[in-house]
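Worksheet: one structure, shown below.
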Amino acid sequence: MRTQVCIIGGGPSGLLLSQLLHRKGIDTIVLERKTRNYVLGRIRAGILEVGMVNLLREAGVGTRMDAESFVHEGTVIAYDEDEFSISFREHTNTDVIVYGQTELTRDLYDAREAEGGNIVFNVDGVEIHDAKSDAPFVTCSVDDSEHRIDCDFIAGCDGFHGVSRQTIPDTVRRDFEKVYPFGWLGVLTETPPVHDELIYSSSERGFALCSMRNDNLSRYYIQCPLTDDPADWSDEAFFDELKRRIPSHYADKMITGPSIEKSIAPLRSFVTEPMRWGNLFLCGDAAHIVPPTGAKGLNTAASDIHYLYHGLMQHYMDGDSTGLDDYSQKALARVWKAERFSWATTNLLHRYPDQTEFDLKMQRAEIEFLRSSDTAQAVFAQNYVGLPY
Ligand code: RFL
Ligand code: PHB
């Protein structure tokens, strides 16, 4: 088999790149280790920045998103019984939308399939060969038959546990990592959200987040020890704990219901440099991870795709490789800023096992500064809605 761009990973990054390139007449093959239903079963991001929204529209997959998503002009920050709102609209003249990763991934699959896109599911043993040469190729097996895909470029969109990043030799690659001493226990319920804006809440019992997908689908999280098992958390125990971590007027009106998904995500900050090795380009979670506190994971994947898409278009349409040569540097410049915001927001709102009384006072002072300073709120809003590409 031969294609122009071989894309490893059929998550949002790989599908979005494939769909954008297809509309410019550039041929791709997407290799996905799991099934379509498995990928769609993962409950992940919920907030989209305007840059990602525009990219999805450009990819021709904006119709359902535009009809069904919800605009959020601000967010609530709560601490114990206190709270304040930060207006994105007032400080940045823009906003974010609520549209789940599951939905946008479904839209991308539907579009690729309707247009005859080549997505191969259930691939095993993907290996990247000769990435430094002008004739790279990928081998894999599907249903026990071996395949070889010759290509011009390889896009490594295979997430944090994929093979693409590991293909870059240790002598070239540098990894930067921080692992946090807690995770997030998340629950999805078919109940109306407790509030029309997200509530990020810092309490002495730990962090909590009240989010949503639509009018009758709520997504709630609580900070938990990494050693916890979701199976040990009954729905009742989860909601009891959540209610203790948010201001009581929200807790009193919260409508609870049986969970339809419950899982624990560990929190990690991670960046690998460089994001290009020869003709292999890393995108999204394959290259970087953020703790979810800033809602930046999926949005940063989208900015990588923007840079790579433009670099590939320049190469194929104008014979100019500048965009590809600049890919790693441009993507990383934005990634590190999203990393900083996600790390700082995590530090601001979570309880750490080794926190001293002094550390707690510092955290409280920072939250109160954010509450009282228009400038600090403008900085928060600017980061939350997403830095320009
Ligand atoms: P994905 O979504 O991990 O997709 C990678 C795809 O590659 C496939 N794959 C392979 N395919 C072929 N061969 C191999 N060897 C392969 N190895 C892996 C995988 O099956 C998968 O389908 O990465 P992508 O596309 O870069 O998208 C990134 C986003 O998924 C991610 O940044 C966000 O979901 C992060 N994230 C969140 N971000 C937010 O902004 N808000 C959130 O609330 C939020 N919650 C989360 C999250 C990530 C989580 N993970 C990764 C555990 C919650 C969780 C649990
Ligand atoms: C979510 O709705 O899953 C969500 C929203 C905002 C975050 C993290 C997760 O910061």
Side-chain angles (χ1 to χ4, degrees), residues 1-42 44 55-56 59-61 101-131 133-168 275-287 298 301-302 304-305 308-309 311-313 315-316:
M1 272 190 281
R2 180 165 172 90
T3 189
Q4 287 171 298
V5 184
C6 181
I7 300 175
I8 305 175
S13 299
L15 295 171
L16 179 57
L17 181 65
S18 170
Q19 176 66 8
L20 286 163
L21 293 176
H22 167 76
R23 289 168 72 89
K24 297 292 174 190
I26 300 167
D27 188 57
T28 65
I29 293 178
V30 177
L31 303 176
E32 168 55 50
R33 190 173 53 172
K34 303 285 189 184
T35 63
R36 177 187 162 126
N37 281 345
Y38 183 95
V39 176
L40 290 176
R42 300 176 178 136
R44 292 186 177 174
L55 208 53
L56 289 162
V61 290
Q101 179 166 335
T102 309
E103 301 311 318
L104 76 85
T105 308
R106 189 191 309 281
D107 295 342
L108 284 163
Y109 274 135
D110 288 349
R112 290 313 297 119
E113 282 162 14
E115 292 163 31
N118 195 348
I119 306 177
V120 187
F121 292 100
N122 287 319
V123 301
D124 239 344
V126 168
E127 279 185 43
I128 295 169
H129 307 268
D130 296 350
S133 81
D134 288 340
F137 63 100
V138 175
T139 54
C140 62
S141 61
V142 186
D143 297 335
D144 292 330
S145 69
E146 301 298 318
H147 296 267
R148 169 179 167 140
I149 298 132
D150 290 283
C151 53
D152 302 330
F153 302 105
I154 298 163
C157 301
D158 49 353
F160 185 64
H161 300 287
V163 293
S164 300
R165 186 178 68 254
Q166 316 293 342
T167 304
I168 305 179
M275 285 172 60
R276 175 193 189 174
W277 186 58
N279 286 316
L280 167 66
F281 296 83
L282 301 181
C283 307
D285 279 15
L298 182 59
D304 293 349
I305 298 303
L308 184 55
Y309 163 56
L312 288 167
M313 272 203 304
H315 168 85
Y316 282 114

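Atoms considered below: every heavy atom in the structure, side chains included; atoms not considered: hydrogens, waters and symmetry mates. The model shown is predicted, which means the values in this text are computed figures rather than measured ones.
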Exercise for the section: Determine, step by step, whether Tyr109 and Leu40 satisfy the side-chain contact (heavy atoms from CB on, under 4.5 Å) criterion, reporting the C-alpha distance in whole Å, the side-chain angles of both residues, the deciding distance to 0.1 Å, and the verdict. Expected result: CA-CA 10 Å; Tyr109 274 135; Leu40 290 176; 4.2 Å; yes
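- Looking at Leu16 and Leu104, their side chains never come closer than 4.5 Å, going by heavy atoms from C-beta outward.
- When every heavy atom of Ala111 is checked against every heavy atom of Gln19, the shortest pair comes out as CB-NE2, 3.7 Å.
- Under the 4.0 Å criterion applied to side-chain N and carboxylate O atoms, Asp285 and Arg165 are not assigned as salt-bridge partners.
- Asn279 places a side-chain N or O within 3.5 Å of a backbone atom of Ser133 that can act as its donor or acceptor partner.
- Distance CD1/Ile154 to CD1/Ile7: 11.5 Å, rounded to 0.5 Å.
- The side-chain heavy atoms of Leu308 and Phe153, taken from C-beta on, include no pair separated by under 4.5 Å.
- Under the rule for a ring pair (Phe, Tyr, Trp, His ring centres under 6.0 Å), His147 has no partner lying at least two apart in sequence or in another chain.
- Here the NE2-CD distance, from His161 to Gln166, works out to 10.0 Å after rounding to the nearest 0.5 Å.
- Residues Pro136 and Leu280 are not in side-chain contact: their nearest non-hydrogen atoms beyond the backbone lie 4.5 Å or more apart.
- Taking 4.5 Å as the limit, some side-chain heavy atom of Leu282 sits within range of a side-chain heavy atom of Ile168.
- Here the closest heavy-atom approach between residue Glu32 and residue Gly11 is recorded as OE1-N, 3.9 Å.
- If you take CD1 on Ile119 and CD on Glu113, they are separated by 5.0 Å, rounding to the nearest 0.5 Å.
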Handout entry: Check against side-chain contact (heavy atoms from CB on, under 4.5 Å), Leu31 and Ile149
Key = CA-CA 10 Å; Leu31 303 176; Ile149 298 132; 3.8 Å; yes
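- A heavy-atom distance below 4.5 Å is found between the side chains of Asn122 and Thr35.
- Heavy atoms only, all atoms of each residue included: Thr28 and Asn118 are closest at O-CB, 4.1 Å.
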Practice task
Evaluate the side-chain contact (heavy atoms from CB on, under 4.5 Å) criterion for residues Leu17 and Phe281: first the C-alpha distance (whole Å), next the side-chain angles of each, then the deciding distance (0.1 Å), finally the verdict.
Solution key: CA-CA 12 Å; Leu17 181 65; Phe281 296 83; over 6 Å; no
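- Applying the side-chain contact (heavy atoms from CB on, under 4.5 Å) criterion to Asp27, with sequence neighbours excluded, gives Thr3, Gln4.
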Exercise for the section: Take Asp304 and Ser13 through the test side-chain contact (heavy atoms from CB on, under 4.5 Å) and record every step on the way to the result. Expected result: CA-CA 8 Å; Asp304 293 349; Ser13 299; over 6 Å; no
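- Residues Leu298 and Arg44 fail the side-chain proximity criterion, which asks for heavy atoms closer than 4.5 Å.
- Formation of a donor-acceptor pair under 3.5 Å by the Asp158 side chain with backbone atoms of Ile8 is not found in this model.
- When side chains are defined from C-beta on, Gln101 does not count as touching Arg42, because their heavy atoms never get closer than 4.5 Å.
- The distance from the CE atom of Met1 to the SG atom of Cys151 is 11.0 Å, given to the nearest 0.5 Å.
- Heavy-atom minimum distance, Tyr309 versus Lys24: OH-CE, 3.1 Å.
- Legend: residues meeting ring pair (Phe, Tyr, Trp, His ring centres under 6.0 Å) with Tyr38, ordered by chain and number and at least two apart, are absent.
- Atom-to-atom distance recorded for Ser145:OG and Asp124:CG is 11.0 Å, nearest 0.5 angstrom.
- The main-chain N or O of Leu108 is never found under 3.5 Å from a side-chain atom of Arg106 such that the two would form a donor-acceptor pair.
- In this structure a side-chain-to-backbone donor-acceptor pair under 3.5 Å is missing from Ser18 to Gly14.
- For the side-chain contact (heavy atoms from CB on, under 4.5 Å) criterion with Val123, the lone passing option out of Val30, Val142, Val138 is Val142.
- We find the CD1-OG1 distance between Ile128 and Thr167 to be 3.5 Å, quoted to the nearest 0.5 Å.
- Taking the six-membered ring for Trp and thresholds of 30 and 60 degrees, His129 and Phe137 have nearly parallel ring planes, at less than 30 degrees apart.
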